[in-house]
2 protein chains.
Amino acid sequence: MDQEILKKYSNVDECPVRNVLDRIGNKWTLLVLLVLEEQQVLRFNELHTYISTISQKMLSVTLKSLEADGLVKRTIYPQVPPKVEYELTARAQSLLPLIHNLVDWSKTHINAIKTSRKHYELVTRK
Amino acid sequence: MDQEILKKYSNVDECPVRNVLDRIGNKWTLLVLLVLEEQQVLRFNELHTYISTISQKMLSVTLKSLEADGLVKRTIYPQVPPKVEYELTARAQSLLPLIHNLVDWSKTHINAIKTSRKHYELVTRK
DNA sequence: CTGTATCCCGTCGGATACTG
DNA sequence: CAGTATCCGACGGGATACAG
């Protein structure tokens, strides 16, 4: 890993994994992906019902960025009232196993991590 | 995935993977982990040299949170001038394969993703 | 050498109200 | 039903200066 590579990894635009982490790292993206994986096809308000604590604004923003990255397919049915369906793309399907690995690792280690945090807080307290 | 589970996944404190993503999702954590993996043991300023674009403040903050989570071990040598060494823990070693999977997936798909983003921008432009 | 302390700004995300 | 528009507070992260 030379200096050239490091510079690229420091740059959000040039670093591939930063491009991905900047998406799934934000507050709601992962949850939307997991719900869509399980339910397969959902309308906007159905998603909102499943993830009731998300605001309309953030659900909209999250879905748009997922659509922009080609991870979610959005289908509009031209009718009144409007009907819009969301579903995962093949690209998202290929990412989901890695996400599940992360979820599993987190579940396995979260207790030890929280214990570490408490201990760290104690020993660093003045 | 029932409502109870979803509420937990919406809550940063209760959701295991959010606890992990909130760490590796920030700007510098991943890069620090990868450099430490390759170099094994580094002092503060050596890390700063490898990752020259990080500010002293953020390097300090990033290392502290990694240490708090038990992902990095910090060793102080009581001498003047001070010498402090950082190295990965076994916990971090167990996480790194998943990170490499993410890096690989990102490298594989980043071009297609960027193409999708450009296309999305075009079709949504007024 | 290994950090802290301030100040400051941009972005993320929440609340609320409004629209085709 | 499926969003947008607006306002606003909190927080991540950069620049700079200082300290043990």
Atom pair distance, as rounded to whole Å: [atom1] in [X] and [atom2] in [N]:
| X | N | atom1 | atom2 | value |
| --- | --- | --- | --- | --- |
| N26(B) | dG14(D) | CG | P | 10 Å |
| Q56(B) | dG13(D) | CD | P | 17 Å |
| M58(B) | dG13(D) | CE | C1' | 5 Å |
| R74(A) | dC1(D) | CZ | P | 16 Å |
| L59(B) | dG13(D) | CG | P | 13 Å |
| L47(A) | dC1(D) | CG | P | 14 Å |
| Q79(A) | dA2(D) | CD | C1' | 12 Å |
| I54(A) | dG3(D) | CD1 | C1' | 13 Å |

Original post:
For Y86(A), which contact category applies under a 4.0 Å heavy-atom criterion: base, sugar-phosphate, or nothing?
Top reply: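 Here Y86(A) touches the backbone only, sparing every base.
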
**OP:** Mind checking N45(B) for me? I need base, sugar-phosphate or nothing, with any heavy atom below 4.0 Å counting as a touch.
**Re:**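 Base, at least one base heavy atom under 4.0 Å.
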
**OP:** Report yes if a side-chain nitrogen or oxygen of S60(A) is closer than 4.0 Å to either non-bridging phosphate oxygen (OP1 or OP2) of dA2(D); otherwise report no.
**Re:**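 Answer is no, no contact under 4.0 Å.
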
Original post:
Using a heavy-atom cut-off of 4.0 Å to chain A, what are the terminal contacting nucleotides of DNA chain C, in 5' to 3' order?
Top reply: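 The contacted stretch runs from dG13(C) to dG20(C).
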
I'd like to check [X] versus [Y] (side-chain heavy atoms, cut-off strictly below 4.5 Å). Are they in contact?
| X | Y | result |
| --- | --- | --- |
| V84(B) | T75(B) | no |
| R18(A) | R23(A) | no |
| L102(A) | N101(B) | no |
| E87(B) | V72(B) | no |
| V32(B) | L59(B) | yes |

Original post:
So, does the side chain of K57(B) form a donor-acceptor pair with the base of dG13(D) at under 3.5 Å?
Top reply: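 Indeed, a donor on one side and an acceptor on the other fall under 3.5 Å apart.
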
Subject >> Nearest non-hydrogen partners of W105(A) and S94(B), listed with the distance >> reply: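 The answer is NE1-OG, 3.0 Å.
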
Original post:
Out of dC1(D), dG3(D), dG14(D), which nucleotide sits closest to the side chain of R43(A)?
Top reply: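 Output: dC1(D).
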
Subject >> Given DNA chain C, 5'-ward residue of the pair P81(B) and W28(A), judged by closest heavy atom >> reply: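 It is P81(B), whose closest nucleotide lies nearer the 5' terminus.
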
Subject >> CA sep, side-chain torsions, deciding dist, call: S116(B), R91(A), side chain to side chain donor-acceptor pair (under 3.5 Å) >> reply: CA-CA 11 Å; S116(B) 294; R91(A) 188 177 297 164; 2.9 Å; yes

